Each structure stands twice: as C-alpha cells, then as structure tokens.
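No experiment lies behind these values; they were computed from the predicted model shown.
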Amino acid sequence: MSKGKFYLSTAIAYASGKPHIGNTYEIVLADAICRFKRMEGYDVYFQTGTDEHGQKIQEKAEAAGVTPQQFVDGTAGEIKRIWDLMNTSYDRFVRTTDPEHERKIQDIFERMLASGDIYKSKYEGWYCTPCESFWTESQLVDHKCPDCGREVKWAEEEAYFFRLSKYTEPLRKYIEEHPDFIQPEARKNEMINNFLKPGLQDLCVSRTSFTWGIPVRSDPRHVVYVWLDALFNYATFPGLEVNGAPCGENYQKYWPADVHLIGKDILRFHTLYWPAFLMSMGLPLPKQVFGHPWLLMSDGKMSKSKGNVLYADDLVELYGVDAVRYYVLHEMPFASDGTMSHDLVIERINSDLANILGNLVNRTVSMQNKYFGGVVGANRTLEPVDAELIELALATPRRCQEKMDTLHVADAIDEIFTLLRRANKYVDETQPWVLGRSEETKPRLATVLYNLLETVRISAALLSPFLPETAEKIFAQLNLPVSDWDSLASFGAIPEGHKIGQPEILFARIDPAKKAKEIEAFYAAKHPAPVSDPVLPDVTIDEFAKCDMRVCKVLSCENVKKSERLLKFTLDDGSGSPRQILSGIAKFYKPEELVGKTVVAILNLPTRKMMGLESNGMLISAVKEENGEEKLHLLMLDDAVPAGYKLC
C-alpha cells in the first residue's frame with residue numbers, strides 16, 4: 001500500500017552546453033532520494049529536464065552557425081544522455097521548447113498582465129547574460145555579477161515588469177510560518193537578510209533585445225523572461241492549466257511539489273521569484289526548496305575557462321557508474337561544498353567500495369560456497385556476539401530513514417557503512433575459517449555465515465537507491481530478488497536450504513600510480529595536443545616594416561559602457577600624448593589587472609569608431625581556439641622596456 005505521494009524536481013539544466021560532474025551531482029542526488037522514497041513505498045513523481053530559451057543560447061547558436069532550436073536539440077540530447085548514463089530513474093524529462101509549455105506560459109503571462117501584477121515600463125540597468133539575471137548598480141560586486149563573478153553589460157529597453165515588491169511582506173510571512181520551506185537553514189537566512197529585509201524590487205519579465213524566447217501573446221515584440229518561463233515548468237508539465245481547462249491528472253495528484261532540489265546559486269529565483277509568481281496566480285507553493293552545495297575541484301569551482309572541468313562520462317569510463325555515484329553522494333556535506341579529484345575518487349574506491357563493501361560480500365559468498373556448497377543452513381547456535389550484529393542490522397534501516405527524511409544523504413550512506421564495518425569486524429571475531437576446520441563447529445559456522453548473509457542482504461537493499469547496479473549484483477550473488485522495505489524489519493528472510501550464487505568481484509582495488517598513468521593517457525587520447533595553425537604566405541621585409549609596433553604603458557583601463565567585450569585603454573606610447581585604443585578582450589581580463597602593464601600596439605592603423613569611441617591602433621595578443629573555445633593572452637613585456645621603443 002502506498003504511503004502517499006512524493007514529487008521531487010531538479011532544476012532544469014540550462015541547455016547551453018555539456019554538463020560537468022558538478023552539474024550532474026544534482027540529478028544523481030535527486031535520483032537517490034526518489035529511489036529511497038520508492039523503496040519505502042511512496043508514489044513518486046520525479047521530474048527533470050532542460051531550460052532552452054534565452055539570450056545566451058541565441059548567441060551560442062549564432063556562433064555555431066545553427067538555429068537556436070537546432071542548438072538546444074543537440075545540447076538537450078547530450079544532457080539526457082548523461083542523465084541516463086548515470087542510471088537516473090526520472091519519470092519525465094521535460095524541455096521548455098515544448099509547444100504545450102510555451103502556450104501555458106503565454107496564458108500565465110496574460111493572466112498576470114490582466115491582474116495588474118505585470119505592467120509595461122522601461123528597463124535600465126545591468127544584465128548578466130550567463131546567469132540571465134538583472135542587477136542594480138548597488139548589487140554588483142566589483143562591477144561584476146554577484147552570482148557568477150562575470151562581466152555585466154548595460155541594458156536599456158522597453159520591458160514588462162512583475163510587481164515583486166508587492167510580495168515582499170507575504171513572502172517574509174510565509175517563510176517565517178514555514179520554517180522548513182528553505183533548507184539548509186543558512187540558505188534561508190541569506191534570502192531574508194540579503195533580499196527580503198532591504199525590500200524586493202520589481203522584476204523585469206520580458207526582453208526585446210533578442211528573439212529566442214516565448215513571445216508575449218498580446219505584444220509579440222517582447223519575449224518572456226527566461227526565469228518566468230523556466231520556473232513554471234515544475235507546474236506546467238504535470239498539467240497546470242490557467243485558461244479554464246481542467247488541470248492534468250499528475251498536477252492534481254502531485255502538486256504542490258514536496259521538494260525542489262536546486263543548486264545554491266539559483267536559490268533566489270526559487271525562493272523569492274517563484275513563490276511570488278505562484279502567489280500572484282493563487283496557486284499552492286512547493287513544500288520545500290533545498291539548495292544543495294557545490295562540488296568543487298581542489299583548486300576551486302569547476303570552470304571551462306580554468307580548464308579544471310571533470311565530466312561524468314569520462315569519470316564513468318575510468319571508474320564505473322556506481323563508483324562515481326558513490327563518490328558524489330557520500331563526499332558532499334549537507335550544507336557545505338565538497339571537493340573532487342582523481343586522487344580522492346581512487347582513495348574512496350579503495351577504502352570503502354573495495355575494502356569494506358566488496359571484501360565483505362566476497363568473503364561471505366565465497367565461504368558459503370566453500371564450506372556448504374552454497375546451501376544456506378539453519379540459524380541454530382546464537383551467541384552474544386551475534387546479537388550485537390543482528391541488532392545493528394535491524395536498527396540501520398530506521399537510522400537511514402531518519403537521515404533521508406531530512407535529505408542528509410551522505411549521513412544515510414554512513415549508517416550503511418557502519419553496519420558493513422561491524423560485519424567485517426564480526427568476521428574477525430568469529431573466525432569462520434577456523435570453524436570450518438572441524439565438523440563439530442560446522443553448526444556454529446552455519447550460524448555465522450547465515451548472519452553475514454542476512455547482513456549483506458539488508459545492506460544491499462539499503463544501498464540500492466545509491467548504488468543500484470551494485471545492489472543488483474549483490475542480490476545476484478545471493479540468488480535473491482532485491483529485498484523490499486518491509487523485509488528489512490526482520491532478520492531471517494533467507495530460507496534454510498536456499499542456494500546462493502557464485503562470488504564476483506564488485507570493486508577491484510586500484511593501484512594509484514598505475515591509474516595515474518592510465519588517466520594521463522586517457523585524457524591525452526581524448527584531447528590531443530592542438531595542431532598549430534598553418535603559416536601564412538610570405539611577406540617582404542619592406543611590407544613588415546610598414547607595421548609601426550611600439551612598446552606602450554597602460555595608464556588606465558576600463559570597461560566600455562553597454563559593451564560586454566570592449567575595454568578602453570589609455571596608453572603612454574612614448575610620444576608625450578596619451579593614445580586611446582579599444583580592444584575586445586573584456587572576457588579575458590579585468591581592467592584593474594592591466595593598469596601599469598607594458599604592452600605592444602600597432603599604432604599606424606586607420607582610426608576606427610566602436611560604441612561611439614575612437615580607437616587609434618590595435619593591441620597585440622596571442623590567440624588560439626582550443627576545444628571550441630577561444631584562448632587569448634595579451635602580449636606583455638618586461639616593465640624595464642621603456643614606452644615608445646619600436647619592435648623590429
């Protein structure tokens with residue numbers, strides 16, 4: 001009998017590129033929670049998918065020479081492939097380019113417009129394209145996006161606004177009356193102190209500066225702000241209707257969601273904007289929003305620009321699906337960031353999966369086959385040491401359940417491994433290899449091995465939400481179907497006379513030095529050294545001499561207003577008069593990093609006008625495309641070289 005419904009959603013992945021292991025952690029975490037709930041007997045609905053509109057996607061599609069729809073078809077397919085590779089058991093994979101979702105978003109926008117919660121005005125402010133976020137001057141950190149730290153650009157356009165300010169007090173009251181709505185606790189305090197106490201500002205919910213979005217039905221020059229479009233996926237795909245038609249069966253059955261599982265960096269959208277949108281529509285709010293921490297590399301947050309990205313499919317090829325699942329689930333603390341590296345993964349595989357889990361299962365199944373031909377005997381001669389193991393085995397399901405009820409997933413896994421460690425200790429205490437030497441002690445041996453087999457059965461069932469393939473392999477060795485939740489309440493489910501299967505290695509120990517060489521070869525084959533561009537046709541020395549390249553000192557450097565790529569340099573070129581040059585390198589350098597540097601510029605190029613400003617020359621940089629991404633280094637010289645020196 002079902003214990004009731006449980007609806008969990010992940011944030012839908014932004015379809016701008018391939019997800020790294022930090023992104024993939026969320027879907028694996030969600031899967032583990034949903035599998036555990038199903039095992040307990042809940043009727044689970046698990047939704048994930050892709051967010052496919054926005055300026056960033058339009059720009060990436062243009063750069064790739066394809067339409068935005070073609071671009072997101074490819075990236076959504078790649079994201080789904082990764083989710084499937086990680087053995088995630090979602091019930092529905094949704095895409096926001098689905099025509100039914102787009103129609104429902106238009107319905108929602110028009111209803112908010114009719115109610116007065118959306119109004120037309122003019123937007124002037126800073127916009128972060130990667131985050132699809134609007135910011136005021138006071139919210140910027142070092143004139144950059146406070147969420148991602150990247151450059152922002154000035155945006156000025158006619159826009160529709162949502163009266164978010166109207167919901168400051170209702171949101172504050174709701175969060176106060178529902179203390180578990182935002183978890184962990186520190187995330188809630190952040191939302192209250194940083195946003196609600198200062199007061200919310202009305203939110204821009206349409207754009208006219210790009211076209212890749214859902215058109216506003218009554219004003220098609222505008223497209224709906226990507227976050228309003230994306231957030232409603234949690235309700236539209238289960239079947240929400242706002243135009244008078246009956247809501248779908250899944251919406252009626254599962255809404256409101258029990259948990260929105262999201263990254264901590266998008267908490268503001270889910271705990272302020274999203275509930276305000278729902279309040280505006282008169283709809284129930286989700287029961288909880290859980291902002292999980294980040295999975296970091298040892299040198300910080302994963303970033304393509306840093307070149308420190310790990311991808312799930314590479315890790316699976318090197319270690320296997322369940323080893324990767326185990327690492328990300330076990331090594332991520334409840335509220336603080338976790339760290340990942342190849343060395344740490346290898347260490348955890350050897351210590352936990354091979355030594356503790358694999359060793360116990362292999363020894364138990366091997367000895368049952370060796371001493372009794374695989375046939376399970378009666379549990380006859382109990383001793384005090386048996387009772388301690390049995391009591392822990394019976395207590396572990398409840399302890400896991402308590403941890404999972406509060407989403408302390410790593411702690412739930414620890415409970416299982418506490419039982420596995422106790423079972424390994426029990427082997428050392430009872431010494432079955434000694435008991436097997438005499439027929440007189442065979443009954444006692446049968447008891448010891450039975451207790452171990454039952455402990456393995458219970459442990460494997462509890463591990464199944466976290467390591468589903470491994471659990472199936474263990475039950476195959478036990479020659480049993482995967483145990484259900486109710487069977488974990490008793491110790492003694494394996495019948496006398498049952499014949500188990502043959503032992504198989506679950507996780508082999510890894511030689512770290514040997515694996516390091518394998519990893520190096522793996523990435524070398526996957527990402528071969530870039531081939532240099534061909535040398536251009538010959539020029540004469542006279543032609544080369546026409547380029548007046550001189551050493552310059554950077555006197556000042558600043559971002560060009562309303563441009564996300566241009567920096568404005570004021571240079572000392574040795575002539576006595578400052579020279580202004582504009583350079584499109586803002587994505588590679590912060591202006592303050594370049595002041596005082598010694599650079600090289602071509603001075604005798606025709607004056608160009610960009611963004612209404614004159615550029616008198618060009619800075620020399622080294623540039624190359626690697627793995628589809630442009631890499632650039634501004635040419636800098638020893639500061640001892642004076643301004644005005646010519647290059648020859």
Would you say that [X] contacts [Y] through its side chain, given a criterion of any heavy-atom pair below 4.5 Å between the two side chains?
X    : Y    : answer
K18  : N23  : no
K120 : E158 : yes
I21  : V324 : yes

Identify whether the distance between the nearest side-chain nitrogen and carboxylate oxygen of [X] and [Y] falls below 4.0 Å.
X    : Y    : answer
D180 : K287 : no
R565 : E151 : no
D337 : K264 : yes
D98  : K104 : no
R103 : D107 : yes

Relative to the ring of [Y], is the ring of [X] parallel (under 30°), tilted (30 to 60°) or perpendicular (over 60°)?
X    : Y    : answer
F277 : F162 : perpendicular
F36  : F466 : tilted
H260 : Y7   : perpendicular

- Message: Determine whether K188 and E185 satisfy the following criterion, salt bridge (charged side-chain N to carboxylate O under 4.0 Å, His left out), listing intermediate values before the conclusion.
- Response: CA-CA 5 Å; K188 175 170 70 177; E185 187 76 15; 3.2 Å; yes

- Residues forming a side-chain hydrogen bond (donor to acceptor under 3.5 Å, both in side chains) with H53, sequence neighbours excluded: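 For H53, the residues satisfying side-chain hydrogen bond (donor to acceptor under 3.5 Å, both in side chains) (neighbours in sequence not counted) are E102, D229.
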
- Task: Step through the shown structure and confirm whether more than 12 heavy atoms of other residues, nucleotides or ligands are within 6.0 Å of CG on N193.
- Result: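 Correct, the count exceeds 12.
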
- Item | Side-chain donor or acceptor of Q47 paired with backbone N/O of N233 under 3.5 Å |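 Confirmed, Q47 side chain pairs with N233 backbone.
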
- Message: Main chain of L267, side chain of T271: is a donor-acceptor contact present, judged purely on distance under 3.5 Å?
- Response: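 Present.
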
- Item | Set of residues satisfying ring pair (Phe, Tyr, Trp, His ring centres under 6.0 Å) with respect to H178, sequence neighbours excluded |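 Testing H178 for ring pair (Phe, Tyr, Trp, His ring centres under 6.0 Å), a comparison that skips the adjacent residues, returns Y174.
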
